[in-house]
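Report on the following structure.
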Amino acid sequence: MAEPANSPADTVELANSGPDGATEGKKKLFVKTYGCQMNVYDSERMVAALGANGYEPTEVAEEADLILLNTCHIREKAAEKVYSDLGRLRPLKAAKPELRVGVTGCVAQAEGAEILRRAPMVDLVVGPQAYHRLPAMLERGARAIDTDFPPEDKFDHLPEGSRARRAPAAFLTAQEGCDKFCAFCVVPYTRGAEVSRPAARLLAEARDLVARGVVELTLLGQNVNAYRDAEGATLAGLVREIAGIEGLERIRYTTSHPNDMGDDLIAAHAEEPKLMPFLHLPVQSGSDRILKAMNRRHTAADYLALIDRIRAARPDMALSGDFIVGFPGETEADFQATLDLIEAVGYAQAFSFAYSPRPGTPAAGRDDLPAEVKSERLLRLQALLTRQQAAYQAAMVGRTLPVLLEKAGRDPGQLVGKSPYLHAVHLKADPTLVGRVVAARVTAAGTNSLSGELAS
Ligand code: SAH
Ligand code: SF4
Ligand code: F3S
């Protein structure tokens with residue numbers, strides 16, 4: 001099934017904490033990250049935790065002593081990719097028997113011992129809430145599995161990232177887990193119940209990141225706008241506190257649920273200039289019948305009314321969404337309602353997926369639509385979303401936008417940065433400007449990015 005190349009849950013990245021004071025004789029750790037940004041953040045923290053145990057990161061799997069696959073279970077394709085990657089690693093293990101291979105993340109949580117059975121080369125299976133136990137498991141040496149949801153907070157035990165200077169934009173996990181139980185989704189089972197980290201801890205971590213060069217923070221959570229710590233702090237309160245950190249220029253958060261979009265958060269978008277005008281607010285479907293079958297607990301009209309309130313507070317808000325097509329029982333009329341909703345909202349960008357039945361979820365037992373119906377609808381939906389995205393990008397041409405320069409671009413002499421609306425912007429600029437917000441005039445719009453020049 002064709003899925004968009006930019007699907008957040010099917011991307012693969014290396015943990016980006018670079019070697020930090022590398023020394024000879026250290027063991028080498030290779031981490032491959034699948035899935036969402038929460039996994040990217042977790043991978044960084046695992047790299048840091050294992051760094052304290054004598055492992056230094058490598059980007060070359062062949063030279064690793066320990067390989068961790070930090071996995072995603074959201075759709076069948078994402079989960080099966082892990083097994084094909086494990087197959088590809090088999091020759092490495094055969095050539096180097098002391099190599100240890102671990103599966104972490106949501107496939108580890110969902111499949112547990114099944115992984116050890118299906119892939120005998122795997123030594124360790126560790127679920128997302130048990131990462132702080134990884135160093136001890138490695139020390140014990142034997143094949144092992146830990147998919148507990150321990151009462152302690154893993155982040156209290158995982159050291160923060162290296163003390164080295166950081167890239168200008170960083171993630172910070174504020175909330176984990178989900179209590180929503182959408183009928184299609186594995187996350188409540190793989191990540192457990194909604195838990196919010198204390199605001200004071202997050203503030204301290206944010207200060208530390210800013211001290212190391214971070215100028216843009218993205219607060220993460222499966223339902224980050226459901227954030228509420230034991231002291232009663234909400235996401236809006238957390239954003240306002242973090243906005244007080246000198247040197248921090250931009251704040252984002254993702255992913256949000258429509259039912260948790262509080263008035264105080266909407267107001268923060270009107271009042272807090274550091275809070276960027278971009279909101280990923282998945283709706284999944286525009287049909288009330290399907291929304292009900294999905295257990296989304298809101299209607300299409302509720303969502304549209306919410307969008308109106310958000311746009312009243314912040315008229316230039318760029319909206320992003322997730323859509324599932326071909327959910328069991330979806331008729332052509334239901335699908336048309338989704339297209340209508342998309343037309344009504346006008347998305348700056350969006351992710352869309354063909355429904356994939358997931359073991360253990362309520363919808364798994366329902367009649368699955370034929371694959372051709374799903375792929376045909378997905379193509380039509382993506383054509384509309386691509387048109388909207390292209391129109392949105394084209395409308396930026398000629399405008400001057402503040403762009404946070406993040407890293408070297410694809411061509412020599414080029415840097416790439418982000419607009420407030422999360423467009424990638426490529427422009428010629430001196431590399432010493434990385435980490436600075438500059439004014440850039442947009443000169444051209446491509447499919448996924450903008451080109452620009454420094455505005456004098
Ligand atoms: N917490 C976020 C999304 C988590 S998963 C939220 O509630 O919006 C990211 C996206 O994957 C979902 O928004 C949904 O569009 C998609 N997804 C989840 N389960 C799926 C499934 N079984 N089949 C197809 N897409 C799915
Ligand atoms: Fe999954 Fe729904 Fe929870 Fe999002 S809100 S993580 S889609 S169960
Ligand atoms: Fe995937 Fe788990 Fe994230 S299933 S999308 S890695 S929460």
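Indexing begins at 1, ligand by ligand and atom by atom, following the structure's order.
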| field | Lys NZ or Arg CZ of Arg45 over Tyr131 ring: under 6.0 Å, within 45° | value | no
| task | Classify the angle between the aromatic ring planes of Phe353 and Phe351 as parallel (below 30°), tilted (30 to 60°) or perpendicular (above 60°). | result |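 Correct class here is parallel.
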Of the backbone atoms (N, CA, C, O) and the side-chain heavy atoms from C-beta on, which set of [X] has a member under 4.0 Å from an atom of ligand 1: side chain, backbone, both, or neither?
{"X": "Ala354", "answer": "backbone"}
{"X": "Phe184", "answer": "both"}
{"X": "Ser356", "answer": "both"}

Among protein heavy atoms, which sits nearest to [atom], and what does the distance come to when rounded to 0.1 Å?
{"atom": "atom 3 (Fe) of ligand 2", "value": "Cys178 SG, 2.2 Å"}
{"atom": "atom 2 (Fe) of ligand 2", "value": "Cys182 SG, 2.3 Å"}
{"atom": "atom 1 (Fe) of ligand 2", "value": "Cys185 SG, 2.3 Å"}

Could you list the atoms of ligand 3 found under 4.0 angstrom from a heavy atom of [X]?
{"X": "Asn39", "value": "6 (S)"}
{"X": "Cys106", "value": "2 (Fe), 4 (S), 6 (S), 7 (S)"}
{"X": "Cys72", "value": "1 (Fe), 4 (S), 5 (S), 6 (S)"}
{"X": "Gln222", "value": "7 (S)"}

| message | Tell me whether atom 2 (Fe) of ligand 3 has His73 as a neighbour, meaning an N, O or S atom of it below 2.8 Å. | response |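 Short answer: no, not a single N, O or S atom is under the cut-off.
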| message | Quick one about Glu176 and Tyr41 (side-chain donor to acceptor, distance below 3.5 Å, no hydrogens or angles considered), yes or no? | response | no
I need the atoms of ligand 1 closer than 4.0 Å to a non-hydrogen atom of [X], numbered in the order shown.
{"X": "Pro282", "answer": "8 (O)"}
{"X": "Gln222", "answer": "1 (N), 2 (C)"}
{"X": "Tyr355", "answer": "23 (N), 24 (C)"}
{"X": "Gln284", "answer": "8 (O), 12 (C), 13 (O), 14 (C), 15 (O)"}
{"X": "Arg75", "answer": "11 (O), 16 (C), 17 (N), 23 (N), 24 (C), 25 (N), 26 (C)"}
{"X": "Arg358", "answer": "22 (N)"}

| Under 4.0 angstrom from ligand 2, any heavy atom of Arg296? | yes
| said: Once you restrict to heavy atoms under 4.0 Å, what part of Pro188 touches ligand 2? Side chain, backbone, both or neither. | reply: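 Looking at Pro188 and ligand 2, just side chain atoms fall under 4.0 Å.
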| field | Per-residue contact class, Asn223 against ligand 2 - non-hydrogen pairs under 4.0 Å | value |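 It is the side chain that touches ligand 2; the backbone stays farther off.
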| field | Distance flag, aromatic centroids of Tyr189 and Phe181, threshold under 6.0 Å | value |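 Here the rings of Tyr189 and Phe181 have centres that are less than 6.0 Å from each other.
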| task | May I ask you to check whether Asp322 has an N/O atom sitting below 3.5 Å from an N/O atom of ligand 1? | result |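 Yes, there is a polar N/O contact under 3.5 Å.
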| query | Which of these, Met38, Lys180, Arg296, Lys374, has its nearest heavy atom closest to atom 7 (O) of ligand 1? | reply | Arg296
| field | Contact check, Val187 vs ligand 1, heavy-atom distance below 4.0 Å | value | no
| message | Between ligand 1 and Pro357, can you find any atom pair, the residue atom being a heavy atom, that is separated by under 4.0 Å? | response |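 No; Pro357 lies far enough from ligand 1 that no heavy-atom distance drops under 4.0 Å.
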| query | Taking it one step at a time, do Gln382 and Ser352 satisfy side-chain hydrogen bond (donor to acceptor under 3.5 Å, both in side chains)? | reply | CA-CA 7 Å; Gln382 289 183 343; Ser352 49; 3.0 Å; yes
| field | Pair Lys154 + Asp42: basic N to acidic O under 4.0 Å | value |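 Answer for the salt bridge query: yes.
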| Does the Lys93 side chain pair with the main chain of Leu99, one donor and one acceptor, at a distance under 3.5 Å? |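 Side chain of Lys93 to backbone of Leu99, a donor-acceptor pair under 3.5 Å: yes, one is there.
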